[in-house]
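Worksheet: one structure, shown below.
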Amino acid sequence: MDFSSFLTSLGTSFLIFVVLMLLFTWLSRRPGNSVVYYPNRILKGMDPWEGGSRSRNPFAWIREAFSSSEQDVINMSGVDTAVYFVFLSTALGILVLSGLILLPVLLPVAATDDNVKAQKTNGSNQTFSEIDNLLMGNVKDDSPRLWAFLFATYWVSLVTYFLLWKAYMHVSVLRANALMAPGLKPEQFAVLVRDIPPVPEGQTRKEQVDSYFKSIYPETYYRSMVVTNNREVNKIYKKLEGYKKKLAHAEAVYDGSKKTGKPEGLRPTTKTGLLGLVGKKVDSIEHYNEKIKELIPKLEAEQKATLREKQQACAFVFFTNRVAAASAAQSLHAQMVDTWTATEAPEPRQIIWSNLKIKYFQRIIRQYVVSFIVALTILFYMIPIGLISALTTLDNLKKLLPFLKSIVDIAAVKTVLEAYLPQIALIVFLALLPKLLMALSKAEGIPSVGHAVRATSGKYFYFTVLNVFIGVTLGATLFKTLKSIENKPNSIVSLLASSLPGNATFFLTFVALKFFVGYGLELSRIVPLIIFHLKKKYLCKTEAELKQAWLPGDLGYATRIPGDMLVITIALCYSVIAPLIIPFGVVYFGLGWLVLRNQALKVYVPSFESYGRMWPHINARVIAALILFQVTMFGYFGVKKFSFCILLLIPLPILSLLFAYVCQKKFYRSFADTALEVASRELKEIPNMETVFRSYIPPSLSSEKADDDHFEGALSQASRIGAIA
């Protein structure tokens with residue numbers, strides 16, 4: 001990409017962001033759009049425009065974001081969101097402190113050398129732009145100037161160590177304070193017990209669990225809840241709830257027809273066949289009422305059958321205080337590690353019920369199988385991503401599709417395509433992956449949604465780094481240098497390393513597109529706004545349907561964090577080779593902090609709370625990115641024939657591994673388990689243990705009608721045998 005195309009891409013992206021920001025300012029002030037731009041505040045019963053959000057000043061939201069405290073974020077969106085902002089702040093700090101030294105030192109050092117000019121003179125087949133004069137590639141081989149780049153490599157590494165350590169300490173305090181908070185958290189009184197041995201003769205499953213834990217914790221044990229197979233009862237419950245929603249919708253349509261047509265109204269009709277499109281036409285309200293009456297006794301009968309006959313070898317065990325529960329979750333209860341496996345219970349809303357029954361060794365085997373599948377996915381995805389990188393350059397497109405030559409050669413079209421085509425193709429391609437990785441994570445036997453999100457995030461991170469960063473670099477370079485490699489096979493390493501700076505402009509544009517266009521769309525919420533108004537006009541007839549149409553969901557950590565990790569990986573790996581990447585990284589994380597601060601305070605609603613358990617994984621992946629940067633520099637200094645690099649750079653990866661080891665030993669245990677000194681903090685009120693117990697009853701087994709003796713009997717049965725899933 002030449003310099004003019006790069007500037008066009010940057011300027012266009014910035015203009016798009018400004019337009020989207022002004023659009024956000026205008027649209028967010030309109031009362032009919034408040035549920036799209038302020039749903040978090042509305043759900044908490046707050047005034048949507050509290051704090052001047054309706055001000056005509058287009059920058060009012062920026063003032064609100066800057067003036068908000070970390071506690072404000074915790075109050076509105078939880079500890080996990082606050083921890084995510086610690087990550088953004090840490091990444092921003094790493095790049096700012098690195099840039100303070102690297103930009104004023106390395107840019108003049110590179111710009112005043114003439115290696116690029118010499119290569120042009122010698123007839124190199126590489127294509128150079130004005131940007132290449134500011135890169136490390138412009139410094140001649142074995143030049144004393146390379147000492148500055150060696151020093152810069154150490155500086156970036158030391159800054160990263162310092163800020164990661166500081167952030168780990170801060171997040172540890174955040175987590176401890178949140179866990180010590182006086183509010184009732186049912187999961188702090190519960191322990192998930194899996195791999196329960198076969199029931200002894202003459203005992204029920206509940207009696208087995210109760211007798212086992214009462215003997216170990218005679219004073220603090222409360223009761224147990226045996227998990228059951230809920231597949232059938234869930235199907236009936238889901239069908240029943242669906243008919244209730246359809247009934248409410250039909251009644252709303254009928255009431256609306258009384259206002260717009262005849263006073264007696266027009267009763268809605270439906271067809272009894274597939275999706276209501278074929279079959280006999282019937283009165284909708286009567287049909288749905290009949291279906292509901294049919295399903296209620298079926299649900300009650302299935303609930304009883306589930307509670308009595310479908311118990312599984314896992315249970316939730318409840319304790320009367322937090323210390324006993326925390327201690328039990330961390331203890332080895334049985335001589336054999338594959339029986340009576342106890343862990344901290346997830347939040348009730350996080351539980352993946354179908355995974356609880358999976359046995360100890362099955363979980364281990366599943367993890368290996370999933371890891372193998374993910375490895376294959378990464379390898380097979382690298383092929384199309386490499387092809388996308390290679391084929392979406394204009395020169396290659398013209399070779400492969402000659403009929404496009406006349407269109408592509410138009411100056412305006414050429415500039416736009418060079419600026420955006422490869423990046424957009426890559427972003428669209430990556431959007432297809434997250435659901436597959438989430439399904440694979442759940443297939444491992446993970447018991448909670450939060451854990452599955454962390455596992456998905458890890459898989460997605462390694463995928464993006466190996467395929468996007470390494471795949472794009474290798475793909476583009478291999479395509480350009482294929483003939484040279486064919487003539488001189490031994491030159492592949494030197495050719496790839498020497499071509500590394502040539503991909504810097506691609507990643508500069510990629511990051512710019514992500515922060516200007518990506519965050520512009522995030523702030524303006526154009527797509528959710530259009531979808532909401534279409535649903536409101538044509539589909540939603542009840543308040544419940546309307547609420548469902550504007551519910552925003554959470555921040556989407558499974559894909560958001562790996563996306564940010566890709567940017568910090570690119571910024572670190574190119575920080576010394578191409579220091580111009582640093583300002584782009586700073587803008588990405590700075591603008592991201594600002595925009596997402598606004599979204600966290602006003603828009604997104606957390607779907608789970610893990611109290612910062614994602615941080616050890618974030619820390620480990622930043623260190624992985626740092627090691628990749630150090631190895632990249634080691635290879636590039638070798639290409640530059642800088643003889644001192646081997647001895648002077650070898651300590652850096654070792655130091656990074658040592659830093660990761662110390663962090664893991666010092667901090668990780670308190671994130672995997674709750675420290676007893678944290679759990680021992682007294683609560684303001686004595687918890688209602690029945691409330692804690694009933695919070696773990698799934699909706700499909702909860703009472704629908706308090707006055708229904710038959711169903712109340714099922715609940716009392718559940719209380720007696722504890723067989724609720």
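This structure is a prediction, so every number in the text was calculated from the model and none was measured.
- S610 and D80 form a side-chain donor-acceptor contact under 3.5 Å, judged by distance and modelled atom types alone.
- Between K514 and E522 there is no salt bridge, since no side-chain nitrogen of the basic residue lies less than 4.0 Å from a carboxylate oxygen of the acidic one.
- When all heavy atoms of T569 and A625 are compared, the closest pair comes out as OG1-CB, 3.3 Å.
- Between M633 atom CE and I577 atom CD1 the span is 5.0 Å, to the nearest 0.5 Å.
- At least one donor-acceptor pair closer than 3.5 Å links the side chain of T339 to the backbone N or O of M336.
- A cation-pi arrangement is absent between R349 and F608, since the terminal nitrogen or guanidinium carbon is not both under 6.0 Å from the aromatic centre and inside a 45° cone about the axis.
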Inset, instruction - Tell me, with the steps shown, if V86 and L174 meet side chain to side chain contact (heavy atoms under 4.5 Å, CB included). - result: CA-CA 10 Å; V86 173; L174 274 182; 4.3 Å; yes
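- Side-chain N or O atoms of N355 include one that pairs as donor or acceptor with a backbone N or O of I446 at under 3.5 Å.
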Inset, instruction - Please step through side chain to side chain contact (heavy atoms under 4.5 Å, CB included) for the pair L158 and Y161, ending with a clear verdict. - result: CA-CA 5 Å; L158 294 174; Y161 299 145; 4.1 Å; yes
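- At least one side-chain heavy atom of L433 sits less than 4.5 Å from a side-chain heavy atom of F463.
- Put simply, the side chain of Q330 gets close to the backbone of T674: a donor and an acceptor are under 3.5 Å apart.
- Counting only distance, with no hydrogens or angles, the side chain of S457 and the backbone of V453 share no donor-acceptor pair below 3.5 Å.
- The distance between the ring centers of W165 and F667 falls below 6.0 angstrom.
- The backbone N or O of C314 lies less than 3.5 Å from no partner atom in the side chain of R194, so there is not a single donor-acceptor pair.
- Side-chain atoms of R366 come within 3.5 Å of backbone atoms of A443 as a donor-acceptor pair (strictly under, hydrogens ignored).
- Applying the side chain to side chain donor-acceptor pair (under 3.5 Å) test to N75 and every residue at least two apart in sequence or in another chain returns Q71.
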Legend entry - side chain to side chain contact (heavy atoms under 4.5 Å, CB included) between T341 and V193, intermediate numbers included: CA-CA 5 Å; T341 308; V193 181; over 6 Å; no
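- Y588 and D564 are linked by a side-chain donor-acceptor pair at a separation below 3.5 angstrom, with hydrogens and angles left out of the test.
- Pairing each heavy atom of T464 with each of L566, the nearest pair is O-CD1, 3.8 Å.
- Put simply, CE on M76 and CG on L43 are 9.0 Å apart, with the number rounded to the nearest 0.5 Å.
- Q664 CD: more than 12 foreign heavy atoms inside a 6.0 Å radius.
- Side-chain atoms of L356 and F316, non-hydrogen and from C-beta on, do get closer than 4.5 Å to each other.
- Here F671 and Y611 keep their ring centres 6.0 angstrom or further from each other.
- No side-chain N or O of Q312 forms a donor-acceptor pair with one of T228 less than 3.5 Å apart.
- Judged purely by distance below 3.5 Å, without hydrogens or angles, the side chains of T153 and Y636 never pair a donor atom with an acceptor atom.
- Side-chain contact, Y557 with T456: no donor N or O sits under 3.5 Å from an acceptor N or O.
- In terms of heavy atoms, L163 sits closest to G93 at CD1-C, 3.3 Å.
- Ring geometry for W593 versus F85: interplanar angle over 60°, hence perpendicular rather than tilted (30 to 60°).
- Residues K185 and Q188 meet the side-chain proximity criterion, which asks for heavy atoms closer than 4.5 Å.
- For S157 and Q630, the side-chain atoms include at least one donor-acceptor pair closer than 3.5 Å.
- Under a 3.5 Å cut-off, the side chain of E609 and the backbone N or O of G78 do not form any donor-acceptor pair.
- Side-chain atoms of S575 come within 3.5 Å of backbone N or O of L572 as a donor-acceptor pair.
- Under the side-chain hydrogen bond (donor to acceptor under 3.5 Å, both in side chains) rule, D195 has a single partner from K359, R363, Q362, which is R363.
- Two residues are said to be in side-chain contact when any heavy atoms from C-beta on lie closer than 4.5 Å; L596 and Y519 meet this criterion.
- Looking only at distances, no side-chain donor or acceptor of D554 sits under 3.5 Å from a matching main-chain atom of V605.
- A centroid separation of 6.0 Å or more is found between the aromatic rings of Y668 and Y168.
- A donor-acceptor contact shorter than 3.5 Å links the side chain of R525 to the backbone of V36.
- In this structure, the separation between CD1 on I365 and CD on E444 is 13.5 Å, given to the nearest 0.5 Å.
- To the nearest 0.5 angstrom, N234 atom CG is 9.0 Å from N229 atom CG.
- The shortest distance between side-chain heavy atoms of I351 and P346 falls below 4.5 Å.
- For the residue pair N598 and K602, a side-chain donor N or O sits within less than 3.5 Å of a side-chain acceptor on the partner.
- Judged purely by distance below 3.5 Å, without hydrogens or angles, the side chains of H170 and E70 pair a donor atom with an acceptor atom.
- Here the CZ atom belonging to F584 is positioned 6.0 Å from the CZ atom belonging to F515, to the nearest 0.5 angstrom.
- Between F87 and Y84, the ring-plane angle classifies as tilted under the 30° and 60° cut-offs.
- Interatomic distance, C663 SG to I623 CD1, rounded to the nearest 0.5 Å: 5.0 Å.
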Inset, instruction - Dump the intermediate steps for side chain to side chain contact (heavy atoms under 4.5 Å, CB included) on V370 and S441, then the final yes or no. - result: CA-CA 8 Å; V370 167; S441 296; over 6 Å; no
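- The minimum heavy-atom distance between A571 and I581, with the atom names listed, is O-CG2, 3.6 Å.
- Ion pairing between D673 and R669 holds under the 4.0 Å rule for side-chain N and carboxylate O.
- Looking at residues two or more places apart in sequence or on another chain, you find a salt bridge (charged side-chain N to carboxylate O under 4.0 Å, His left out) between R613 and E344.
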